[in-house]
Amino acid sequence: MSIIPIITEPNSILRKKAEEVASDLIPDVKQLITDMIETVNNAKGIGIAAPQVGKSLRIVIINTEDEPMILINPVIVSHSWRKVIDEEGCLSVPGKFGLIKRPVNVKVETLDENGKFIKFKAKGLFARVIQHELDHLDGILFIDKVINYTNDVQL
Ligand code: NI
């Protein structure tokens with residue numbers, strides 16, 4: 001296991017659309033997943049996406065629940081109409097925090113770490129982190145969506 005340095009903005013890998021992981025190649029990304037979990041725990045983060053550790057692959061770790069949740073090729077298939085504004089930050093944008101408006105609930109379809117197809121509903125912080133991390137897979141950062149910064153960092 002090893003901690004991987006987290007890439008910070010500006011960096012073109014954070015802006016690329018990440019590649020899907022072919023299901024027969026999931027055994028090949030086990031080590032990456034283990035390292036991503038160690039990296040996000042070390043950084044005391046609540047989520048991380050593979051592009052943030054330099055791998056342009058559609059893998060995210062969600063770290064808001066009791067156990068780290070591994071999502072491979074995740075897709076938000078539907079979301080609530082109701083949106084809520086809350087504060088976000090990002091390990092790749094250190095020192096900046098801002099308000100973002102997002103749907104309260106999302107429905108997700110994904111592969112788990114064993115390549116098994118699962119679907120589930122998420123709400124609250126769990127749903128927010130999923131949306132933030134899935135944005136990373138499309139090269140989108142929270143600073144692209146921010147309504148207001150909540151700290152005094154100069155832009
Ligand atoms: Ni982030």
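Numbering of ligands and ligand atoms starts at 1, following listing order.
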Test your reading of the model: is there a side-chain donor-acceptor pair from [X] to the backbone of [Y], 3.5 Å cut-off?
X	Y	value
Asn63	Gly45	yes
Glu38	Thr34	no
Arg128	Glu88	no

- Query: Do Asp35 and Gln31 have side-chain atoms, one donor and one acceptor, less than 3.5 Å apart?
  - Reply: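 Yes - a donor-acceptor pair under 3.5 Å links their side chains.
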
- Query: Number of protein N/O/S atoms less than 2.8 Å from the Ni ion (ligand 1)?
  - Reply: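 Protein N, O or S neighbours of the Ni ion (ligand 1) under 2.8 Å, waters not counted, come to 3.
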
- Message: Set out, in order, the CA-CA distance, both residues' side-chain angles and the distance that settles side chain to side chain contact (heavy atoms under 4.5 Å, CB included) for Lys145 and Arg102, then state yes or no.
- Response: CA-CA 10 Å; Lys145 296 184 168 180; Arg102 297 195 191 266; 3.6 Å; yes

- Query: Take atom NZ in Lys16; do more than 12 heavy atoms of anything else shown fall under 6.0 Å from it?
  - Reply: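 No, NZ of Lys16 has 12 or fewer neighbouring heavy atoms, counting only those of other groups under 6.0 Å.
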
